[in-house]
Student: 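First, the structure itself, so that you have it in front of you.
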Amino acid sequence: MFHVKQSEDSDTTVVNHLGDSPIARELADLTARRKVLDETTVTLSGNTRVITVSNQKGGVGKTTTTVNIAAALASVGARVLVIDMDPQGNASTALSIPHSAGVTSIYDVLINEVPLAEIIQPSPESDLLMCAPSTIHLAGAEIELVSQVAREHRLRTALEDYLDNTDDRPDFVIIDCPPSLGLLTINAFTAAHEVMIPIQTEYYALEGLSQLLGNVGMIQKHLNPRLHVSTIILTMYDGRTRLAQQVAEEVRTHFTAQVLQTVIPRSVRVSEAPSFGQTVIAYDGQSAGAIAYREAAVEIIQRDAAKEGVA
Ligand code: ATP
Ligand code: MG
């Protein structure tokens with residue numbers, strides 16, 4: 001018997017015998033992985049891990065990874081604060097957080113010393129998920145910060161003040177960075193313990209990486225000794241192409257300890273979720289992209305990240 005089936009992650013219509021088709025194998029694989037996830041329990045350390053998601057290359061999946069890892073962590077019981085440090089405000093949008101120009105935002109924290117607690121908003125997606133939104137004003141902060149006192153430490157001071165005084169201390173703070181190595185990213189590096197680098201599995205994947213690692217090293221030396229690259233996550237992976245496999249192998253060879261086992265597949269569900277103001281975990285929790293981000297979140301909890309830095 002033959003079935004016509006629309007592939008979840010491509011527009012290709014696959015006509016095949018379902019019993020032994022690639023689609024059937026993919027579905028069986030997803031079901032098995034979902035079962036493992038449903039049976040997995042995680043133990044949270046009780047400490048707050050501050051992770052900045054950074055890569056000066058644009059469009060590699062920083063924001064997508066920030067919001068989906070955050071939602072996946074919340075789905076296993078972690079309390080998570082997302083800090084949107086990108087003037088584009090894409091993380092705020094994906095978490096359905098109002099961030100029009102009139103909203104008090106991370107800009108006011110950095111420039112006007114408004115307490116972080118005053119700008120944090122709950123995400124409608126989960127009681128455990130919160131967001132400090134960015135607004136378009138943040139675009140000017142890169143310049144305005146230049147003349148400020150302790151310009152590299154503004155986010156760190158605000159975050160430490162928040163963590164010291166809140167009753168709802170998050171298990172994770174995840175900071176979404178803009179695609180640049182300017183003062184906003186430096187503030188994120190100074191505030192964080194860990195750097196997570198999303199790498200898109202495509203031809204120029206490693207371009208700019210040595211510059212990024214060099215910057216992390218400089219920050220570690222001069223501003224924040226505890227900073228280290230704990231996690232590298234391969235994104236937008238298309239296993240059908242030889243190129244994606246080669247890039248993944250190359251990254252794993254260079255950064256064996258940092259690269260997550262889980263790779264995030266290229267998936268239409270992942271890319272369309274933000275237009276509904278949702279993460280893929282809420283939008284289609286059974287899809288390949290959601291399962292992968294849930295697996296990645298479990299890995300992030302389970303790995304002893306502190307011992308695995310490269311920078
Ligand atoms: P920027 O540098 O502009 O901040 P970014 O690094 O934050 O970009 P994203 O905005 O997360 O990158 O992703 C870039 C584009 O790729 C978006 O349109 C997003 O929907 C899409 N995308 C990200 N991850 C995936 C995926 N796994 N499958 C399909 N599309 C994806
Ligand atoms: Mg982004």
Side-chain angles (χ1 to χ4, degrees), residues 7-12 26 30 51-72 82-97 99 106 131-136 138-139 142 174-182 184-185 188 195-209 211-212 215 231-241 243-244 247-248 251 260 262-297:
S7 166
E8 192 243 15
D9 282 338
S10 80
D11 296 324
T12 326
E26 200 180 311
L30 270 185
I51 304 176
T52 187
V53 180
S54 191
N55 190 333
Q56 77 275 26
K57 252 171 96 83
V60 297
K62 291 181 288 296
T63 303
T64 305
T65 295
T66 300
V67 299
N68 289 311
I69 290 285
V82 171
I83 299 182
D84 191 348
M85 283 290 274
D86 188 343
Q88 297 178 100
N90 295 151
S92 310
T93 303
L95 294 171
S96 216
I97 306 294
H99 62 107
I106 200 72
C131 177
S134 99
T135 61
I136 192 67
L138 197 59
E142 199 86 68
I174 306 190
I175 308 172
D176 186 30
C177 284
S180 69
L181 293 171
L184 291 172
T185 298
V195 182
M196 170 154 51
I197 305 176
I199 292 184
Q200 189 179 346
T201 42
E202 46 122 78
Y203 187 58
Y204 291 112
L206 299 180
E207 197 188 58
L209 202 59
Q211 196 191 354
L212 175 59
N215 272 40
T231 311
I232 292 177
I233 181 165
L234 298 169
T235 63
M236 292 184 244
Y237 183 79
D238 184 347
R240 293 169 302 185
T241 70
L243 178 63
V247 170
V251 178
L260 295 183
T262 309
V263 294
I264 308 302
R266 185 173 280 286
S267 149
V268 171
R269 293 285 185 273
V270 170
S271 60
E272 64 193 8
S275 58
F276 296 90
Q278 287 183 314
T279 70
V280 75
I281 310 297
Y283 177 63
D284 188 352
Q286 309 302 314
S287 64
I291 300 281
Y293 271 117
R294 284 173 61 198
E295 289 171 336

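Atoms within each ligand, like the ligands themselves, are counted from 1 in listed order. Basis for what follows: all heavy atoms, side chains included, without hydrogens, waters or symmetry-related copies.
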Student: At a 4.0 Å threshold, what atoms of ligand 1 neighbour a non-hydrogen atom of Asp86?
Tutor: 4 (O)
Student: For a quick test of reading the model, state the closest non-hydrogen atom pair linking Asp84 to Ala91 and the distance between them.
Tutor: OD2-N, 3.6 Å
Student: I'd like to know if the side chain of Lys62 and the backbone of Asn55 have a donor-acceptor N/O pair within less than 3.5 Å.
Tutor: yes
Student: Which pair of non-hydrogen atoms, one from Val247 and one from Ala205, has the smallest distance, and what is that distance?
Tutor: CG1-CB, 3.6 Å
Student: Has ligand 1 got any nitrogen or oxygen that is less than 3.5 angstrom from a nitrogen or oxygen of Pro265?
Tutor: yes
Student: Measure the distances from the heavy atoms of Gly59 to every atom of ligand 1 and state whether one is below 4.0 angstrom.
Tutor: yes
Student: Does ligand 1 come near enough to Asn90 that some N or O of the ligand is less than 3.5 Å from an N or O of the residue?
Tutor: no
Student: Which atom names give the shortest non-hydrogen contact between Ala132 and Ile106, and what distance separates them?
Tutor: CB-CD1, 4.4 Å
Student: Does Pro274 reach ligand 1, in the sense of a heavy atom lying below 4.0 Å from it?
Tutor: no
Student: Walk me through whether Thr279 and Leu95 qualify under side-chain contact (heavy atoms from CB on, under 4.5 Å).
Tutor: CA-CA 7 Å; Thr279 70; Leu95 294 171; 3.7 Å; yes
Student: Identify the two heavy atoms, one from Ala94 and one from Pro274, that lie closest to each other, and give their separation to 0.1 Å.
Tutor: CB-CB, 4.4 Å
Student: Any atoms of ligand 1 less than 4.0 Å from a non-hydrogen atom of Gly58? List them with their elements.
Tutor: 2 (O)
Student: Give the residue, atom name and distance (to 0.1 Å) of the protein heavy atom nearest atom 30 (N) of ligand 1.
Tutor: Ser271 CB, 3.5 Å
Student: Quiz question for you: does at least one protein heavy atom lie closer than 4.0 Å to atom 18 (O) of ligand 1?
Tutor: no
Student: Any protein heavy-atom neighbour for atom 26 (C) of ligand 1 (distance below 4.0 angstrom)?
Tutor: yes
Student: Purely on distance, is any nitrogen or oxygen of Thr63 under 3.5 Å from one on ligand 1?
Tutor: yes
Student: Please state whether Val60 comes within less than 4.0 angstrom of ligand 1, counting heavy atoms only.
Tutor: yes
Student: Hey, does Lys62 come in under 3.5 Å of ligand 1, counting only N/O atoms on both sides?
Tutor: yes
Student: Closer than 4.0 Å to some heavy atom of Ile264 - which atoms of ligand 1 meet that?
Tutor: 27 (N)
Student: Heavy-atom contacts with Pro179 under 4.0 Å: which atoms of ligand 1 show up? List them by number with element.
Tutor: 2 (O), 4 (O)
Student: Out of Val251, Leu209, Thr65, Val53, which residue meets the side-chain contact (heavy atoms from CB on, under 4.5 Å) rule with Ile197?
Tutor: Leu209
Student: Are a donor atom and an acceptor atom from the side chains of His99 and Thr93 found within less than 3.5 Å of each other?
Tutor: yes
Student: Among Thr201, Leu234, Thr64, whose heavy atom sits nearest atom 9 (P) of ligand 1?
Tutor: Thr64
Student: Could you list which atoms of ligand 1 come closer than 4.0 Å to a heavy atom of Ser267?
Tutor: 26 (C), 28 (N), 29 (C)
Student: Is atom 14 (C) of ligand 1 near the protein, in the sense that some protein heavy atom lies at less than 4.0 Å from it?
Tutor: yes
Student: Closest approach of Ser180 and Thr185, non-hydrogen atoms and distance?
Tutor: O-OG1, 2.8 Å
Student: Under 3.5 Å, side chain of Thr231 to main-chain N/O of Val195, donor-acceptor pair present?
Tutor: no
Student: Is a donor on one side and an acceptor on the other found under 3.5 Å between the side chain of Thr262 and the backbone of Ala292?
Tutor: no
Student: For a quick test of reading the model, state the closest non-hydrogen atom pair linking Pro178 to Pro87 and the distance between them.
Tutor: CB-CD, 4.2 Å
Student: State whether the shortest distance between N or O atoms of Gly61 and N or O atoms of ligand 1 falls below 3.5 angstrom.
Tutor: yes
Student: With a cut-off of 2.8 Å, does Gln88 put an N/O/S atom close enough to the Mg ion (ligand 2)?
Tutor: no
Student: Would you tell me which option among Met236, Gln88, Gln200 has the nearest heavy-atom contact to atom 22 (N) of ligand 1?
Tutor: Met236
